[in-house]
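A quick write-up on the structure given underneath.
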Amino acid sequence: MHFCTAFFMSIKQIRNNLSEWHRTIDRKLPWKEDRNPYKIWVSEIILQQTRVAQGIPYYLAFLLKFPTLKHLAEANLEEVITQWEGLGYYSRARNLHKGANYIMETHNGVFPKEYEEILLIPGIGPYTAAAISSFAFDGMHAVVDGNVNRVLSRMFNIDEDLSKHIGKKKIKKLSQDLLEIAGNPASFNQAIMDFGATVCTPKPKCEICPMTKQCVAKKLERTLELPQKKTKPKLRKRWFHYLVYNQNGKSYIVKRVNKDIWKDLFEFPMQECSEIEWKKLEGVKLSQKLSHQHIHACFTEVKKMPIKYKTGQKVDWKNISSYSFPRLIRDYIGQR
DNA sequence: AATACGGGGAC
DNA sequence: GTCCCAGTATT
């Protein structure tokens with residue numbers, strides 16, 4: 001059929017141009033040095049929803065601290081969380097630790113090779129399983145991340161909401177077709193992500209793009225409309241009152257244990273309150289913007305801790321920095 | 001299908 | 001300010 005032939009030609013053209021383009025730029029990054037699945041795993045988890053530049057120092061420090069899967073499995077969760085301090089999405093650190101133990105128990109410490117097995121590791125979803133499978137083992141699994149969504153929705157003018165099943169299926173199919181024609185999964189997956197990260201960016205650089213002839217969105221002047229944006233959840237404002245005990249060189253800190261932000265990190269004893277109450281408080285006021293919440297914090301130093309706040313553990317001020325804190329708390333301690 | 005989960009960089 | 005980043009787990 002004519003349509004199928006044209007489609008196939010377009011796919012081949014895209015593959016050729018993409019691989020030619022990639023040969024000219026290939027970014028050198030620390031996790032590309034070898035095909036050690038453990039290192040690739042760590043890098044992929046760090047890079048979830050995280051920019052390359054932000055992830056690099058964490059990747060280097062993490063591998064210095066936990067050089068092998070066994071080191072990670074045998075570490076305490078506390079140490080792992082500490083390595084993650086400041087990076088955000090702390091469940092990634094929890095799952096990395098849980099995943100290392102899972103691999104020790106289920107696969108005798110040997111990182112599994114098959115996509116379906118990789119997918120069962122805690123914290124690994126379809127993207128990360130495909131990335132590890134292709135980068136470490138040459139598995140024929142196409143990655144679909146934010147870059148791929150953007151590149152392919154534009155190339156093929158995919159209108160669907162990519163957070164929904166239909167849209168996901170379309171992108172997955174295109175990406176898998178391209179990969180199978182390209183034939184080199186590690187290099188193709190790397191190329192399409194690098195392309196999305198540097199050329200087919202949210203505000204695209206079409207003037208330097210080698211594939212404008214194949215890009216349907218460009219032809220229709222729709223590049224800025226694709227991929228379809230999802231409506232963002234509305235911002236939540238929260239008001240925290242911290243009681244900072246300070247007597248004889250001691251303080252109290254408590255670990256956050258609930259299903260909420262900053263789980264497993266420490267903070268001072270805290271009472272969440274209303275905006276009205278918060279504005280009347282005396283103390284050091286700092287705020288922190290998260291993607292979906294604005295946290296307003298007031299830190300009040302006290303010589304006596306009310307009984308109901310006396311939870312957690314008493315610690316020396318001079319050791320306090322060794323605990324893991326959210327950015328906001330760390331900032332307060334730093335400027336105090 | 002929708003929501004929660006951090007922090008930061010680019011504009 | 002806004003967008004969104006090499007996403008996943010839970011509801």
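Letters A, B, ... are given to chains in the order of the sequence lines, protein chains preceding strands, and every chain is numbered from 1. Here the structure is a predicted model, which means the values were calculated and not measured.
- The aromatic ring centres of A:Tyr323 and A:Phe266 sit less than 6.0 Å apart.
- Applying the side chain to side chain donor-acceptor pair (under 3.5 Å) test to residues at least two apart or on different chains, none of the pairs has a partner in residues 98-116 of chain A.
- The P atoms of B:dG8 and C:dT8 are separated by 22 Å, rounded to the nearest whole Å.
- Between A:Trp84 and A:Tyr58, a ring centre-to-centre spacing not shorter than 6.0 Å is recorded.
- Within the nucleic acid shown, A:Pro202 comes within 4.0 Å of sugar-phosphate atoms alone, with no base atom in reach, counting heavy atoms only.
- Within the cation-pi definition used here (under 6.0 Å to the ring centroid, within 45° of the axis), A:Lys255 does not qualify as a partner of A:Trp262.
- For an aromatic pair to be called close, the ring centres must be under 6.0 Å apart, and A:His296 with A:Trp278 satisfies this.
- The pair A:Glu275-A:Lys237 does not count as a salt bridge, with every side-chain nitrogen at least 4.0 angstrom from each carboxylate oxygen.
- Of the residues in residues 141-171 of chain A, A:Lys164, A:His165 come within less than 4.0 Å of DNA chain B through at least one heavy atom, sorted by number.
- Residues of residues 176-194 of chain A having a heavy atom closer than 4.0 Å to DNA chain C, listed by number: A:Gln190, A:Met193.
- The CG atom of A:Asp264 sits 14 Å away from the P atom of B:dC5 (whole-angstrom rounding).
- Side-chain contact of A:Glu277 with A:Ser274: a donor-acceptor pair under 3.5 Å is present, judged by distance alone.
- Contacts of A:Trp84 with the nucleic acid, taken as non-hydrogen atoms under 4.0 Å apart, are absent.
- Donor-acceptor pairing under 3.5 Å is lacking for the side chains of A:Asn246 and A:Ser251.
- Heavy atoms of other residues, nucleotides or ligands lying less than 6.0 angstrom from NZ of A:Lys219 number 12 at most.
- In this structure, A:Lys213 places its NZ atom where only 12 or fewer heavy-atom neighbours from other residues, nucleotides or ligands lie under 6.0 Å away.
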**Message:** Go through it in stages, so that I can follow the logic: the residues are A:Ser19 and A:His22, the test is side-chain hydrogen bond (donor to acceptor under 3.5 Å, both in side chains), and I'd like the CA-CA distance, side-chain angles, deciding distance and then a yes or no.
**Reply:** CA-CA 5 Å; A:Ser19 94; A:His22 196 235; over 6 Å; no
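- Counting only N and O atoms by type, the side chains of A:Glu79 and A:Gln83 include no donor and acceptor under 3.5 Å apart.
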**Protein-to-nucleotide contact annotation, 5' to 3' order, nucleotides 6-11 of chain B [B base; S sugar-phosphate only; - none; under 4.0 Å, heavy atom]** = BBBB--
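- Contact footprint of chain A on DNA chain C: nucleotides with an atom under 4.0 Å from a non-hydrogen protein atom, first to last in 5' to 3' order, C:dG1 to C:dT11.
- Atom CD of A:Glu207 is surrounded by more than 12 heavy atoms from other residues, nucleotides or ligands within 6.0 Å.
- Non-hydrogen atoms lying under 4.0 Å from DNA chain B are contributed by nothing in residues 113-140 of chain A.
- Comparing A:His294 and A:Lys32 along DNA chain C, the residue whose closest nucleotide (by nearest heavy atom) sits nearer the 5' end is A:His294.
- A donor atom on one side chain and an acceptor atom on the other are not found under 3.5 Å apart for A:Ser324 and A:Glu78.
- The P atoms of B:dC11 and C:dA6 are separated by 14 Å, rounded to the nearest whole Å.
- Within 6.0 Å of the NZ atom in A:Lys32, the count of heavy atoms belonging to other residues, nucleotides or ligands exceeds 12.
- At most 12 heavy atoms of other shown residues, nucleotides or ligands fall within 6.0 angstrom of atom CD in A:Glu221.
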